[in-house]
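Keep in mind it's a predicted model, so treat the numbers as computed, not measured.
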Amino acid sequence: MNRLSLGFRERCYELIRQIPQGRVMTYGDVALCIGKPGAARAVGTAMRLNPDAPTTPCHRVVASSGVIGNYSGKRGVAGKIALLRKEGVPISDGRVREFGRVRWRPT
DNA sequence: GCCATGGCTAGTA
DNA sequence: GCCATGGCTAGTA
């Protein structure tokens with residue numbers, strides 16, 4: 001499947017499937033990486049419509065501030081936090097700690 | 001086509 | 001203020 005033929009949502013999903021366990025990306029970086037700078041909010045929409053969370057790991061996408069952000073999968077934000085913690089992402093007070101180290105960008 | 005609705009955010013105050 | 005989605009309506013054919 002040629003990635004240029006994929007729609008916005010599929011491009012998002014394909015990208016976030018590359019995020020390693022224990023790491024996160026921001027909505028804005030996802031937008032940037034698929035060539036749609038400024039579409040952070042639309043990335044949120046795509047994540048909301050993710051048909052198979054958490055297999056397609058939309059829980060690994062957080063706000064640019066390090067704040068966890070929303071989650072429409074099982075158990076909502078609590079579920080998102082639980083998944084991330086299980087994967088080794090340090091979280092307290094609703095934000096990712098050591099954000100600089102945990103934040104991931106494709107190489 | 002228009003409009004409302006969001007898992008948002010850079011940049012002002 | 002931005003952008004993809006989805007629902008709905010004029011207004012054409």
Inset, instruction - Searching all strands shown, indicate the nucleotide that pairs with dG11(C) (Watson-Crick or G-U wobble; both distances under 3.5 Å). - result: none
Legend entry - Presence of Lys36(A) side-chain N/O under 4.0 Å of dC3(C) phosphate oxygens OP1/OP2: no
Legend entry - Any donor-acceptor pair under 3.5 Å from Arg105(A) side chain to Asp29(A) backbone: no
Legend entry - Integer-rounded Å distance: dT5(C) C1' and Met47(A) CE: 14 Å
Legend entry - Interatomic distance where CG belongs to Leu32(A) and P belongs to dA10(B) [whole Å]: 10 Å
Legend entry - Length of the CZ-P vector between Phe8(A) and dC2(C), whole Å: 16 Å
Inset, instruction - For Thr45(A) and for Arg41(A), locate the closest nucleotide of DNA chain C by heavy-atom distance; then report the residue assigned to the nucleotide nearer the 5' terminus. - result: Arg41(A)
Inset, instruction - Name the nucleic acid region contacted by Ser64(A), choosing base, sugar-phosphate or nothing; use a 4.0 angstrom heavy-atom cut-off, strictly under. - result: sugar-phosphate
Inset, instruction - Send over the distance from Arg9(A) CZ to dG6(C) P, rounded to a whole Å. - result: 6 Å
Inset, instruction - Can you tell me the distance, in whole Å, between the CG atom of Asp29(A) and the C1' atom of dA10(B)? - result: 13 Å
Legend entry - Whether Arg60(A) side chain and Arg23(A) backbone form a donor-acceptor pair below 3.5 Å: no
Inset, instruction - Following the transitive rule for hydrophobic clusters with a side-chain heavy-atom cut-off under 4.5 Å over Ile, Leu, Val, Met, Phe, Trp and Tyr, establish whether Phe99(A) and Ile81(A) coincide in one cluster. - result: yes
Inset, instruction - Starting at atom CD1 of Ile34(A), determine the distance to atom P of dC8(B), rounded to an integer number of angstrom. - result: 15 Å
Inset, instruction - Look at Thr26(A) and dC8(B) and indicate whether a side-chain polar atom (N or O) is within less than 4.0 Å of OP1 or OP2. - result: no
Legend entry - d(CG, Leu49(A); C1', dG6(C)) in whole Å: 10 Å
Inset, instruction - Give Ala42(A) one of three labels, base, sugar-phosphate or nothing, depending on what nucleic acid heavy atoms sit under 4.0 Å from its own. - result: base
Inset, instruction - Give Gly28(A) one of three labels, base, sugar-phosphate or nothing, depending on what nucleic acid heavy atoms sit under 4.0 Å from its own. - result: sugar-phosphate
Inset, instruction - May I have the distance from Tyr27(A) (atom OH) to dT9(B) (atom C1'), rounded to whole angstrom? - result: 12 Å
Inset, instruction - Answer yes or no: is there a donor N or O on one side and an acceptor on the other, between the side chain of Tyr13(A) and the main chain of Ala46(A), under 3.5 Å? - result: yes
Inset, instruction - Would you classify Val61(A) as touching base, sugar-phosphate or nothing, given that sugar-phosphate means primed atoms plus P, OP1 and OP2, and contacts are heavy atoms under 4.0 Å? - result: base
Legend entry - Lys80(A) (side chain) donor-acceptor with Val61(A) (main chain) under 3.5 angstrom: yes
